[in-house]
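Right, one structure below, let's go through it.
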Amino acid sequence: MKKILFFLTMSLSFFVLNAQKYETIKNQLVFNKYKEAKVELDKAMSNPKFTSNAEAYILKTTIYAGLSMEEGTKGTPTGDQLAMDADAAFKKYKEMDPAMSLINDPIYQNGPINLYSNYYSSGYADYSEKKWDASYAKFKRAVEYSDLLINKKLLQFPVDTTILILAGITAENSSSKDEAVMYYGRLADNKITGEGFESVYRYLVSHYFAKKDMASFEKYKALGKQLYPKSEYFDYDKVDFAAGLAESFTDKIKALDEVLATDPNNYKANELLWSIIYDSINLNKERDVQPKNFEQLEARMLGAMNKNITSKPDEIDNYVFMGNYYVGKKDAVGDARQAHADDVKARTKPGTMASKEDVAKREKLDKDYSDAMEAIREPYENAARLFALKTGLDAKEKSQYKNIAGYLSEIYEMKKKLAKGKPADLAKYTAEEKKWNDVYESIK
């Protein structure tokens with residue numbers, strides 16, 4: 001019984017002595033004697049009995065964090081090391097006291113507050129020098145301390161907008177780019193607005209589009225439009241982003257294909273698809289070499305054009321552009337016909353028949369030319385029909401209508417020449433040629 005009493009007495013004495021030691025060191029902090037407190041603390045930390053209590057670590061956090069923020073030390077390598085040691089001590093404290101029962105103590109609360117301030121000021125110094133990775137690492141820790149302090153009512157605001165925006169900006173510019181969404185998302189979800197914050201919503205919209213998270217894309221686009229109603233950025237839809245974010249021809253087609261995979265009749269997506277391909281394969285004087293996959297691209301372009309014609313049969317531009325494309329093909333074949341004729345003439349002596357190969361090539365080019373002219377006819381006739389129904393055509397529309405009428409007259413003139421021996425066709429094509437000549441002349 002005496003032994004038990006002895007051990008209980010010894011244990012109680014160690015507890016009392018340790019408690020007194022914590023209080024003695026802590027009392028020095030009341031008078032901001034951080035250096036003196038550190039000397040005493042460092043000695044005590046070598047005693048396992050002293051470090052067996054969580055208070056030892058929040059005491060170390062408070063002393064080291066306070067020293068890291070003193071003038072002459074803040075922002076120096078020494079200050080950074082003190083902050084790192086304080087941070088490590090605070091992690092240990094939380095492990096030993098998950099409830100953080102001492103955090104609201106008027107002295108000990110200065111520990112996490114000073115760590116927050118240290119990471120903020122040090123991170124901002126790196127941010128000013130565009131040291132993105134270093135700055136982000138510090139702001140990331142500052143956010144964690146900010147959240148803790150807000151949760152414990154030691155910071156009197158619901159959202160630390162400044163530290164969140166800085167964490168987002170530095171993450172976006174660092175090697176941890178995708179982590180920016182964590183901070184920007186918190187700002188957006190709290191509907192933080194004002195000058196400089198529109199970029200938060202823009203980032204989230206483009207980020208989630210790139211990640212193919214359409215639900216989040218639409219959510220933040222709607223939030224952005226609600227908070228910044230005058231911004232055109234939030235009027236753009238998934239098709240605009242598909243074409244706008246991609247840079248190369250291949251990437252643009254791939255992005256539009258992803259939209260059309262789930263929305264095959266999307267008018268705008270099909271319009272962008274055919275217009276991008278049109279610019280790539282349309283033959284003209286500046287580009288007279290076809291892409292290797294020309295036939296595949298042409299089929300995709302015409303397929304998209306026809307989908308839009310089906311969707312909006314009264315949209316004139318669909319017919320105009322399709323007809324214009326075939327005009328380009330006709331011109332390319334016409335140039336090839338002329339080049340072949342000039343080549344044959346240069347190689348063939350007067351009075352000599354052209355070779356079978358040359359004749360075959362000429363006939364093939366003649367057929368290609370006729371086919372291209374015929375391909376122009378249907379879309380141009382539809383466009384002309386719609387122009388004829390409109391009243392008050394503007395200058396551009398009159399020019400388009402007149403050009404189309406001229407081509408249709410030329411097409412029926414060619415068809416008339418090919419109708420020899422077919423009286424009914426000859427009469428029909430003659431009448432059509434006259435009709436379009438009259439339309440051409442009537443447009444002033």
Side-chain angles (χ1 to χ4, degrees), residues 61-62 64-71 73-76 79-80 82-84 86-87 90-91 94 100 103-104 108-208 216 219-220 223-224 226-228 230-231 233-234:
T61 299
T62 305
Y64 277 56
L67 287 170
S68 76
M69 290 300 291
E70 287 191 337
E71 288 301 322
T73 302
K74 182 174 67 175
T76 67
D80 289 344
L82 284 164
M84 288 175 62
D87 186 46
F90 194 66
K91 287 178 183 176
K94 289 189 292 182
M100 292 185 276
I103 195 73
N104 289 101
Y108 289 146
Q109 68 183 228
N110 290 322
I113 289 173
N114 277 325
L115 277 172
Y116 166 75
S117 299
N118 184 288
Y119 281 121
Y120 175 85
S121 59
S122 183
Y124 197 84
D126 288 334
Y127 164 80
S128 299
E129 295 181 17
K130 297 184 179 180
K131 295 178 180 177
W132 302 120
D133 283 334
S135 182
Y136 173 54
K138 292 169 183 174
F139 282 135
K140 187 175 184 177
R141 299 294 292 130
V143 169
E144 293 173 10
Y145 278 104
S146 171
D147 289 344
L148 171 69
L149 295 170
I150 290 172
N151 180 259
K152 295 297 182 180
K153 311 298 184 187
L154 297 176
L155 287 181
Q156 301 304 314
F157 41 77
V159 182
D160 192 343
T161 56
T162 301
I163 199 65
L164 286 173
I165 191 68
L166 288 169
I169 291 170
T170 51
E172 185 181 350
N173 287 282
S174 74
S175 55
S176 303
K177 184 179 181 69
D178 282 350
E179 293 185 16
V181 73
M182 295 189 300
Y183 309 106
Y184 289 158
R186 288 178 59 181
L187 290 166
D189 290 342
N190 281 281
K191 296 186 177 181
I192 303 301
T193 188
E195 187 176 353
F197 284 94
E198 183 184 343
S199 60
V200 165
Y201 299 88
R202 289 188 174 214
Y203 179 90
L204 290 168
V205 168
S206 62
H207 170 85
Y208 283 115
S216 296
K219 170 187 172 180
Y220 289 111
L223 262 178
Q226 176 189 341
L227 299 172
Y228 297 92
K230 294 182 180 180
S231 175
Y233 187 88
F234 303 107

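Keep in mind that what you see is a predicted model, and the values were worked out from it rather than measured.
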Please report the closest heavy-atom contact between [X] and [Y], naming both atoms and the distance.
{"X": "T76", "Y": "T73", "answer": "OG1-O, 2.5 Å"}
{"X": "L115", "Y": "A83", "answer": "CD2-O, 3.4 Å"}
{"X": "T161", "Y": "F197", "answer": "CB-CZ, 4.3 Å"}
{"X": "A86", "Y": "Y64", "answer": "CB-CB, 3.7 Å"}
{"X": "A188", "Y": "Y201", "answer": "CB-CE2, 3.4 Å"}
{"X": "K140", "Y": "Y183", "answer": "CG-OH, 3.4 Å"}

Using atom types as modelled and distance alone, determine if a side-chain donor or acceptor of [X] lies under 3.5 Å from a backbone N or O of [Y].
{"X": "S117", "Y": "I113", "value": "yes"}
{"X": "D133", "Y": "S175", "value": "yes"}
{"X": "N104", "Y": "K152", "value": "yes"}
{"X": "S135", "Y": "G123", "value": "yes"}
{"X": "S121", "Y": "N118", "value": "yes"}

Quick one: pull up [atom1] in [X] and [atom2] in [Y] and give me the separation to the nearest 0.5 Å.
{"X": "L164", "Y": "L187", "atom1": "CG", "atom2": "CG", "answer": "5.0 Å"}
{"X": "L166", "Y": "F139", "atom1": "CG", "atom2": "CZ", "answer": "4.5 Å"}
{"X": "T170", "Y": "K130", "atom1": "OG1", "atom2": "NZ", "answer": "14.0 Å"}
{"X": "I165", "Y": "S199", "atom1": "CD1", "atom2": "OG", "answer": "5.5 Å"}
{"X": "Q156", "Y": "L149", "atom1": "CD", "atom2": "CG", "answer": "10.5 Å"}
{"X": "S68", "Y": "Y119", "atom1": "OG", "atom2": "OH", "answer": "9.0 Å"}

Would you tell me whether Y116 and D160 have side-chain atoms, one donor and one acceptor, within less than 3.5 Å of each other?
yes

Would you say the side-chain atoms of E198 and Y233 include a donor-acceptor pair closer than 3.5 Å?
no

Compute the centroid of each ring, for Y124 and then for Y127, and state whether the two points are separated by less than 6.0 Å.
yes

Between Y145 and F90, ring centroids under 6.0 Å:
yes

In chain order, what residues pass the side-chain hydrogen bond (donor to acceptor under 3.5 Å, both in side chains) check against D80, with sequence neighbours excluded?
none

Would you please name every residue forming a side-chain hydrogen bond (donor to acceptor under 3.5 Å, both in side chains) with Y228, sequence neighbours left out?
T193

Taking it one step at a time, do V159 and R186 satisfy side chain to side chain contact (heavy atoms under 4.5 Å, CB included)?
CA-CA 9 Å; V159 182; R186 288 178 59 181; 5.8 Å; no

Please determine whether side chain to side chain contact (heavy atoms under 4.5 Å, CB included) holds for the pair M69 and L82, giving the CA-CA distance in whole Å, both sets of side-chain angles, and the decisive distance to 0.1 Å.
CA-CA 9 Å; M69 290 300 291; L82 284 164; over 6 Å; no

I would like to know whether I103 and Y108 meet side chain to side chain contact (heavy atoms under 4.5 Å, CB included); could you show each step before the answer?
CA-CA 6 Å; I103 195 73; Y108 289 146; over 6 Å; no

Check: R202 and F234 side chains under 4.5 Å, non-hydrogen atoms
yes

Measuring only between side-chain heavy atoms, which start at C-beta, is E172 closer than 4.5 Å to Y184?
yes

Flag yes if more than 12 heavy atoms outside M100 fall under 6.0 Å of its CE atom; otherwise flag no.
yes

For atom NZ of K131, decide whether the heavy atoms of other residues, nucleotides or ligands shown that lie under 6.0 angstrom number more than 12.
no

Stepwise, does the side chain to side chain contact (heavy atoms under 4.5 Å, CB included) test hold for E179 with Y136?
CA-CA 10 Å; E179 293 185 16; Y136 173 54; 2.3 Å; yes

Can you list the residues that meet the side chain to side chain contact (heavy atoms under 4.5 Å, CB included) rule with A137, with sequence neighbours excluded?
none

